[in-house]
> 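Quick one: structure below, then a few questions.
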Amino acid sequence: MKAKATLKQIAKELGVSVSTVSKALNDSPEISEQTKVKIKEYAKLKNYKPNVIGLNLKNRKTKTIGVIIPNILNSFFAKVFSGIEKVADKKGYNVITCISNESLEKEVHTLEMLSNGTIDGFILSVSQEAQKLQDYNHFSEIINDGTPIVMFDRIADEVDCDKVVVDDYDSAINSTQHLINLGCKNIALISSVDNISVGKLRTEGYLKALKDNNIPVNEKIILRTDSEEDMKAKIEGIFDHKIDGIFALDENDSVAALRVSLKKGYRVPEDISIIGFADGILASRRLSPSLTTVSQHGVEIGEVAAKRLIERLEEPEGTVSEYETIVIKTKLKERESTRKV
């Protein structure tokens, strides 16, 4: 990605003040035409994109937060956004929301577009493509340019910033242990999120629970894919083997697990118990039987992320607090898809 220059960088490299650069880009009559041309041409060369809001002589705050979510159809992200907006509104901030659609290119473009003075800071969850390619330079560049970022759910350990996550690893251990406590001995894993951080952590938790209970890992009943389409194409193969429990790592995985179980003639929960890592309306209210789920507390995550970003934005000048990783505990909501202990 081509780096985007700041007013400060242009001023330093041309040996002029930030005020001179800003006035030149604003066509101020105080600046000679020769200097204007020189500064504008250099700014263009350095990929600087003038913005009416961004060209302030002083660092005026826009009182606007940029939110980038990977998938608008995922109920978890909708809940997170609800929490963000609740806190932002209370604190007098506006929210601009963009969807990356799991695309690295769109994620980069959105960050570039909004960081040019339109917003004060970002709250975001990393796209699948960025995590798959391990490409996080665009986040570091934005932060180094003075725009703070709070990551939630899907994070990049390589990027120094504030983060809000759920205890994916421990939650997966506890969920798998719950199935074991119910008497399940052949627990299938179904994942369409194996290429993102949360999917990997949940899988590790599942494997740790099996190990702790001396249950051999059966690769034939472990389905790890990178997409919903791939998961749906392969899920029926899991049922060619003996299973009495399923741990599904995403809401779509959970719904597919239940539907295919019923299609294959399993009685739920008499023959097979299912736990899904999701707590959307579809899983909890619109399926029969209703799904036992790991609640991620999306609204709380959004509230905590917004509070952390606003705290950082409103720190006194010259104060730089330590970056935090805040962990939100999940809760297992038992419904009809699991047997009772």
Side-chain angles (χ1 to χ4, degrees), residues 76 153 165-194 196-225 231-232 234-280 282-284 287-297 327-341:
F76 167 70
D153 190 47
V165 297
V166 298
D167 53 339
D168 289 285
Y169 178 71
D170 289 339
S171 297
I173 292 175
N174 295 336
S175 298
T176 307
Q177 185 63 54
H178 186 76
L179 289 170
I180 293 169
N181 293 345
L182 294 177
C184 298
K185 298 186 182 343
N186 300 287
I187 302 169
L189 177 88
I190 297 175
S191 172
S192 64
V193 290
D194 198 52
I196 59 177
S197 56
V198 294
K200 290 180 171 64
L201 286 168
R202 293 167 193 174
T203 297
E204 288 172 12
Y206 159 85
L207 294 172
K208 179 67 163 58
L210 295 185
K211 182 180 179 182
D212 289 347
N213 289 273
N214 297 313
I215 297 175
V217 175
N218 182 357
E219 295 292 346
K220 293 178 180 178
I221 60 173
I222 295 178
L223 178 60
R224 302 174 68 174
T225 69
M231 177 271 295
K232 286 182 176 178
K234 297 176 179 177
I235 188 172
E236 292 199 15
I238 291 290
F239 292 83
D240 293 339
H241 309 278
K242 183 180 179 181
I243 56 174
D244 53 14
I246 298 176
F247 181 40
L249 304 194
D250 180 80
E251 183 164 20
N252 291 322
D253 304 340
S254 310
V255 173
L258 177 59
R259 286 178 173 165
V260 176
S261 295
L262 296 174
K263 177 183 174 182
K264 292 289 186 178
Y266 284 84
R267 295 174 301 159
V268 180
E270 292 83 1
D271 302 327
I272 191 168
S273 289
I274 303 171
I275 293 178
F277 214 108
D279 197 24
L282 184 61
S284 60
L287 295 178
S288 181
S290 58
L291 273 168
T292 294
T293 58
V294 179
S295 175
Q296 296 166 270
H297 303 299
V327 180
I328 307 295
K329 294 293 183 182
T330 60
K331 181 180 180 181
L332 186 67
K333 291 192 175 182
E334 295 186 65
R335 298 191 182 92
E336 298 169 346
S337 69
T338 49
R339 297 185 293 275
K340 302 301 179 186
V341 177

> With sequence neighbours excluded, tell me which residues meet ring-ring contact (aromatic ring centres under 6.0 Å, His included) with Tyr169.
none
> Could you tell me whether the side chain of Asn186 and the main chain of Asp244 form a donor-acceptor pair under 3.5 Å?
no
> Where is the tightest heavy-atom contact between Val294 and Ser171, given as atom of each residue plus distance?
CG1-CB, 4.2 Å
> Search all heavy atoms of Ile274 against all heavy atoms of Ser337 and return the closest pair with its distance.
O-OG, 2.6 Å
> Look up atom NZ in Lys220 and atom CG in Asp240, then write down how far apart they are to the nearest 0.5 Å.
10.5 Å
> Checking Asn214 now: which residues fulfil side-chain hydrogen bond (donor to acceptor under 3.5 Å, both in side chains) with it, not counting sequence neighbours?
none
> Which heavy atom of Cys184 sits nearest to which heavy atom of Arg339, and what is that distance?
SG-NH2, 3.4 Å
> Testing the basics here: between Leu262 and Ser288, what is the closest heavy-atom pair and its distance to 0.1 Å?
CD1-O, 3.8 Å
> With Arg224 as reference, evaluate Thr203, Ile190, Val193 under the side-chain contact (heavy atoms from CB on, under 4.5 Å) test and give the passing residue.
Thr203
> Tell me whether the count of non-hydrogen atoms from other residues, nucleotides or ligands lying under 6.0 Å of NZ in Lys200 goes above 12.
yes
> Tell me if a side-chain donor or acceptor on Asn213 pairs with a main-chain N or O of Ile215 at a distance below 3.5 Å.
no
> Show your reasoning for whether side chain to side chain contact (heavy atoms under 4.5 Å, CB included) applies to Asn174 and Leu332.
CA-CA 9 Å; Asn174 295 336; Leu332 186 67; over 6 Å; no
> Which residue pairs pass the salt bridge (charged side-chain N to carboxylate O under 4.0 Å, His left out) test when at least one of the two sits in residues 168-192, sequence neighbours left out?
Asp168-Arg202
> To the closest 0.5 Å, what do you measure between CG (Leu258) and CG (Leu287)?
5.5 Å
> Once ring-ring contact (aromatic ring centres under 6.0 Å, His included) is applied, what residue pairs with a partner in residues 245-267 remain, sequence neighbours excluded?
Phe239-Tyr266
> Report the residues that fulfil side-chain hydrogen bond (donor to acceptor under 3.5 Å, both in side chains) with Asp271, sequence neighbours left out, ordered by chain and then residue number.
Arg267
> Above 12 or not: heavy atoms from other molecules or residues under 6.0 Å from NZ of Lys340?
yes
> May I have the step-by-step check of side chain to side chain contact (heavy atoms under 4.5 Å, CB included) for Lys264 and Glu236, ending in yes or no?
CA-CA 9 Å; Lys264 292 289 186 178; Glu236 292 199 15; 3.5 Å; yes
> What are the two closest non-hydrogen atoms of Pro269 and Thr338, and how far apart are they?
CB-C, 3.5 Å
> Can you name the side-chain hydrogen bond (donor to acceptor under 3.5 Å, both in side chains) partners of Asp212, sequence neighbours left out?
Lys208
> Report the C-alpha separation of Phe277 and Asp253 in whole Å, then their side-chain angles, then the decisive distance to 0.1 Å, and conclude whether the side chain to side chain contact (heavy atoms under 4.5 Å, CB included) test is met.
CA-CA 9 Å; Phe277 214 108; Asp253 304 340; over 6 Å; no
> Quick one, Asp250 with Met231, criterion side chain to side chain contact (heavy atoms under 4.5 Å, CB included). Give me CA distance, side-chain angles, the key distance, then yes/no.
CA-CA 11 Å; Asp250 180 80; Met231 177 271 295; over 6 Å; no
> Give the minimum heavy-atom separation between Leu210 and Thr176, together with the two atoms involved.
CD2-CG2, 4.2 Å
> Just wondering, do Ile246 and Ser261 contact through their side chains at under 4.5 Å, heavy atoms?
yes
> Does some side-chain heavy atom of Leu207 sit less than 4.5 Å from a side-chain heavy atom of Glu204?
no
> Backbone N or O of Ser290 within a donor-acceptor pair of the Glu336 side chain at under 3.5 Å?
yes
